[in-house]
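Below you'll find the structure, written out as structure tokens, and then a few comments.
Keep in mind that this is a model prediction, so the values were computed, not measured. In what follows, every chain begins at residue 1, and chains take the letters A, B, ... in the order their sequences are listed. Side chains are part of it too, since the values below use all heavy atoms of this structure and drop only hydrogens, waters and symmetry mates.
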2 protein chains.
Amino acid sequence: MSSRSPKTALFGHFAAVAKSLAHAHRLELLEQLAQGERSVEVLAERTGLAVANASQHLQRMRRAGIVASRREGKFVFYALADDAVLGLLSGLRRIAERNIAEVDQVIRSYFNHRDSLEAVSRKELMQRAGAVTILDVRPADEFALGHVPGAVNIPLRELEARLAEFDPAQEIVAYCRGAYCVLSYEAVATLRARGFKVRRLEDGLPEWRAAGLPVATG
Amino acid sequence: MSSRSPKTALFGHFAAVAKSLAHAHRLELLEQLAQGERSVEVLAERTGLAVANASQHLQRMRRAGIVASRREGKFVFYALADDAVLGLLSGLRRIAERNIAEVDQVIRSYFNHRDSLEAVSRKELMQRAGAVTILDVRPADEFALGHVPGAVNIPLRELEARLAEFDPAQEIVAYCRGAYCVLSYEAVATLRARGFKVRRLEDGLPEWRAAGLPVATG
DNA sequence: TCAATATTCAATTATTCCATTGAATGATGT
DNA sequence: ACATCATTCAATGGAATAATTGAATATTGA
């Protein structure tokens, strides 16, 4: 083990970091963690994993240094260990999108491809602040932990019932958890069917935060 | 397989990309590929792997979309599929350095930690071009495929014998393949012992190229 | 102290991954 | 067509990984 060359030893550790990302369930856990810290139980429930299983995946990621945990009473809260983790995740996404034909297929058939191409950039949204309605379709608790300043929170399931809240004259920009959070795609589809002018925001809140843009809470 | 939700399917593909990075040998192959395209045989030799083994690792990375291959006569040349791969690798490095104590340990004991902290940035080197001697300690063939403009190529093993070529009055900036390429550390140590003023360049040639800076060939 | 709850641990089975070996394929030049 | 060389394939045994189960630990509040 320690008889390897220092470079090989380092590469072994780097590989361990990559390994800790190399599982669909762990990526789902990370997507949740990108929203903010969460307890094991909540993470397990949101990802549909057994608690013990989620716990083991989380521990593995902790050993690799990509998440951190803190205990508070009976609960253990996990969070991303480093801002660079988001960068890694978007790197994986980018490579898969560009170089794996099947990924392109899935995106084209399940996510409206034009919506992702025509997404509003963060910069553009900042410039047009006030002139557009910003719609956050995530659950209320995630909204409370942080959202784009000025955004209205209407979780997707309430959207149909609350259409009256929108000004038909104003363009709507919808966002949710990240690039592949289906919620914002569905919101765009729903609103567009009602005649609203809607576009998606590129990526989601975690990337907004990572870009150093202001985040409102409460 | 295709009965999963589209998001789960995508995450599975992203995980496959991460998996293709998740092995020390594959990272070593990628470090080589970052220098430029290479045949299977050369890659196997430089990484110390059996040819069949190297071939299988390379194929696995190709399936994941992080490398690409082209055939030329009897040879198959592999190359990085995407510039984003370098970004992923540096992300892995960064997370490991910051969050895994053992990595910090290895760096401190084997690589002179001050040398990595005091590395010359690419920007600084560009500004001081002409006022410093730029030393490329990689093998001649890698140098020929691309190097920092104005750099002198003295492979590490020839360094002791060619000390006379340096102007003692000028500061030397040494670089090689990347952040953990031992060559440049050793070059710095050797030259410093002879009284030269030397520092390392941050990272190596692949990162220089990725930053969009000019590269000379021949 | 005891019961309840959140998390982790330990042990099991099934699966996937890895290195090695030797044979097969594909391309070149004679 | 043949010999040669680079690469890939296929099969093997051994190691690591994953999901499940049930038990163990730690913290809280009664």
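- Side-chain contact check for B:Glu186 and B:Thr190: no donor-acceptor pair (N or O, by modelled atom type) lies under 3.5 Å.
- Positionally, the nearest nucleotide of DNA chain C for A:Phe75 lies more toward the 5' end than for the other of A:Phe75 and A:Gln59.
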Nucleotide N/O to protein N/O under 3.5 Å, stretch nucleotides 19-24 of chain D:
| unit_1 | atom_1 | unit_2 | atom_2 | d |
| --- | --- | --- | --- | --- |
| D:dA19 | OP1 | A:His25 | ND1 | 3.2 |
| D:dA19 | OP2 | A:Asn53 | OD1 | 3.3 |
| D:dA19 | OP2 | A:His57 | NE2 | 2.6 |
| D:dT20 | O4 | A:Gln56 | NE2 | 3.1 |

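- Distance, B:Leu43 CG to D:dT7 P: 9 Å, rounded to whole Å.
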Can you check nucleotides 12-16 of chain C for protein contacts, nitrogen or oxygen pairs under 3.5 Å, and list what you find?
none

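- Side-chain nitrogen and oxygen atoms of A:Tyr78 include none within less than 4.0 Å of the OP1 or OP2 phosphate oxygen of C:dA6.
- Rounding to the nearest 0.5 Å places CG of B:Asp203 at 5.0 Å from CZ of B:Arg122.
- Summary for the helix from C:dT1-D:dA30 to C:dT30-D:dA1: the axes at its two ends, each from 5 pairs, differ by 30° when rounded to the nearest 10 degrees.
- Residues that satisfy the ring-ring contact (aromatic ring centres under 6.0 Å, His included) test with A:Tyr185, not counting sequence neighbours, are A:Phe111.
- Under the side chain to side chain donor-acceptor pair (under 3.5 Å) test applied with B:Asp115, the options B:Arg192, B:Arg200, B:Arg199 reduce to a single match, B:Arg192.
- Between A:His25 and A:His57, the ring planes are perpendicular. Angles over 60° get that label, and only those under 30° would be called parallel.
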Protein-nucleic acid N or O pairs under 3.5 Å, nucleotides 26-30 of chain C:
none

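- Distances shorter than 4.0 Å separate some side-chain N or O of B:Ser55 from OP1 or OP2 on D:dT8.
- Shown here are the side chain to side chain contact (heavy atoms under 4.5 Å, CB included) partners of A:Glu37, two or more places apart in sequence or in another chain: A:Arg70, A:Phe77, A:Ala79.
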